[in-house]
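Some notes on the structure that comes next.
Atoms considered below: every heavy atom in the structure, side chains included; atoms not considered: hydrogens, waters and symmetry mates. Quick caveat: nothing in here was measured; it's all calculated off a predicted structure. Throughout, numbering of the chain's residues begins at 1 and tracks the sequence.
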Amino acid sequence: MPERDDLLALVTDQRTNFLYTVAELDDAGARARTTVSELTLGGLLKHLGSVQRSWLDVVEGTAPAKIDWADLDPDGNRMTDTETVAGLLEAFHAAAAAFDRTAREEADLDREVTLPAYPWSPPEPVVWTVRRVLWHIFREIAHHSGHADIIREALDGASTTAKMAEAASKGQ
């Protein structure tokens, strides 16, 4: 299997696992803090949709060169009172489709892109390959899927692993 297909399969697998974790979740549950962390399932869902889109902007060359503190959305990792799980899922799926399309259409995974300069960036420009950006998105989804598991189990005892096993037994 070519590298690109492997990458997309891994990302799809991580997305699926994350989506099991937020399945059948209502808006109140998505906003609920169940640990000492500020993280919520709705905030993670919002963040992962946004992360996929913003990194693709880097790959597509449409990201700003510099992002200051004032440019950052204070609600970027928090589900606001006006947002819904349905709306955040729609944004997540749209970002996933854009990710997949970009990964399939990218002619050269070794092409270099310059990352935006953030307040925490080193003084010199940071350059990554498209491949590294795509692996970073995979890592981001996997990283936050672990957070989501803990939050969901504390919320209502739902187990992502049990949902994965159930889906596997149904051939999904």
Side-chain angles (χ1 to χ4, degrees), residues 1-25 30 37 39-64 67 72-73 76-79 83-116 118 120-121 126-153 158-172:
M1 180 180 283
E3 177 187 19
R4 185 181 320 260
D5 294 341
D6 282 343
L7 175 61
L8 286 170
L10 286 169
V11 170
T12 297
D13 183 56
Q14 286 304 307
R15 277 193 206 120
T16 300
N17 293 343
F18 177 75
L19 291 172
Y20 285 143
T21 307
V22 298
E24 302 168 9
L25 188 65
S37 171
L39 294 175
T40 65
L41 293 168
L44 289 171
L45 179 59
K46 182 178 182 177
H47 173 68
L48 289 177
S50 174
V51 156
Q52 290 179 86
R53 183 66 256 161
S54 65
W55 278 100
L56 288 176
D57 289 346
V58 171
V59 171
E60 294 168 350
T62 59
I67 299 172
L72 299 173
D73 180 359
N77 297 318
R78 184 177 74 83
M79 182 177 169
E83 293 172 317
T84 64
V85 170
L88 294 175
L89 279 169
E90 184 178 321
F92 179 92
H93 288 298
F99 172 92
D100 290 352
R101 183 176 50 256
T102 298
R104 282 190 194 95
E105 293 174 358
E106 176 59 47
D108 181 8
L109 295 179
D110 290 321
R111 180 172 63 85
E112 293 184 339
V113 295
T114 302
L115 281 53
Y118 284 89
W120 54 85
S121 296
V126 176
V127 177
W128 285 3
T129 63
V130 171
R131 176 183 291 101
R132 183 169 176 182
V133 170
L134 299 180
W135 278 113
H136 178 75
I137 292 171
F138 164 77
R139 188 207 62 80
E140 189 81 12
I141 296 168
H143 178 79
H144 289 306
S145 289
H147 296 136
D149 280 343
I150 293 167
I151 294 166
R152 184 63 189 257
E153 285 185 39
S159 166
T160 300
T161 303
K163 289 182 181 186
M164 290 166 55
E166 181 182 336
S169 70
K170 295 177 182 178
Q172 298 175 342

Partners passing salt bridge (charged side-chain N to carboxylate O under 4.0 Å, His left out) against [X] (at least two apart in sequence or in another chain):
{"X": "E90", "result": "none"}
{"X": "D13", "result": "none"}
{"X": "D110", "result": "R131"}

From [atom1] ([X]) to [atom2] ([Y]), nearest 0.5 Å:
{"X": "D6", "Y": "E3", "atom1": "CG", "atom2": "CD", "result": "7.5 Å"}
{"X": "W55", "Y": "E140", "atom1": "CH2", "atom2": "CD", "result": "9.0 Å"}
{"X": "D149", "Y": "T161", "atom1": "CG", "atom2": "OG1", "result": "6.0 Å"}
{"X": "F138", "Y": "L7", "atom1": "CZ", "atom2": "CG", "result": "8.5 Å"}
{"X": "R101", "Y": "L8", "atom1": "CZ", "atom2": "CG", "result": "12.5 Å"}
{"X": "M164", "Y": "N17", "atom1": "CE", "atom2": "CG", "result": "4.0 Å"}

Please report the shortest heavy-atom distance between [X] and [Y], naming the atom on each side.
{"X": "A95", "Y": "G49", "answer": "CB-O, 3.3 Å"}
{"X": "A98", "Y": "L56", "answer": "C-CD1, 3.4 Å"}
{"X": "A107", "Y": "R4", "answer": "O-NH2, 4.3 Å"}
{"X": "A103", "Y": "L134", "answer": "CB-CD1, 4.1 Å"}

Does any non-hydrogen side-chain atom of L45 lie less than 4.5 Å from one of M79?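 No; the side chains remain at least 4.5 Å from each other.
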For a 4.5 angstrom cut-off between non-hydrogen side-chain atoms, does T21 reach K163?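 No. Closest side-chain heavy atoms not under 4.5 Å.
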Of all residues at least two apart in sequence or in a different chain, which pass the side chain to side chain donor-acceptor pair (under 3.5 Å) check with [X]?
{"X": "E106", "value": "R111"}
{"X": "E60", "value": "R53, T102"}
{"X": "E153", "value": "none"}
{"X": "R78", "value": "D75"}

Considering residues at least two apart in sequence or located in another chain, which fulfil the ring pair (Phe, Tyr, Trp, His ring centres under 6.0 Å) criterion with [X]?
{"X": "Y20", "answer": "none"}
{"X": "H147", "answer": "H143, H144"}
{"X": "F18", "answer": "F92"}

side-chain contact (heavy atoms from CB on, under 4.5 Å) involving T114 - partner list, sequence neighbours excluded: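 So T114 forms a side-chain contact (heavy atoms from CB on, under 4.5 Å) with P125, V127.
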For P64, what residues pass the side-chain contact (heavy atoms from CB on, under 4.5 Å) criterion, not counting sequence neighbours?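 P64 satisfies side-chain contact (heavy atoms from CB on, under 4.5 Å) with I67 once adjacent residues are dropped.
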Would V113 and V130 satisfy side-chain contact (heavy atoms from CB on, under 4.5 Å), going step by step from the backbone distance to the final call? CA-CA 7 Å; V113 295; V130 171; 4.2 Å; yes
Is there a side-chain contact (heavy atoms from CB on, under 4.5 Å) between L89 and L19? Walk through the geometry before answering. CA-CA 9 Å; L89 279 169; L19 291 172; 3.7 Å; yes
Out of L88, I141, L39, which residue meets the side-chain contact (heavy atoms from CB on, under 4.5 Å) rule with L44?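 Single pass found, and it is L39.
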Of D100, L48, L10, which is the lone residue that meets side-chain contact (heavy atoms from CB on, under 4.5 Å) with R15?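 It is D100, the one option of D100, L48, L10 that forms the side-chain contact (heavy atoms from CB on, under 4.5 Å) with R15.
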Do any N or O atoms from the side chain of T12 and from the backbone of A9 form a donor-acceptor pair under 3.5 angstrom?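 No, the answer is negative, given that no donor and acceptor are paired below the 3.5 Å cut-off.
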Could you tell me whether the side chain of S54 and the main chain of S50 form a donor-acceptor pair under 3.5 Å?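 Confirmed, S54 side chain pairs with S50 backbone.
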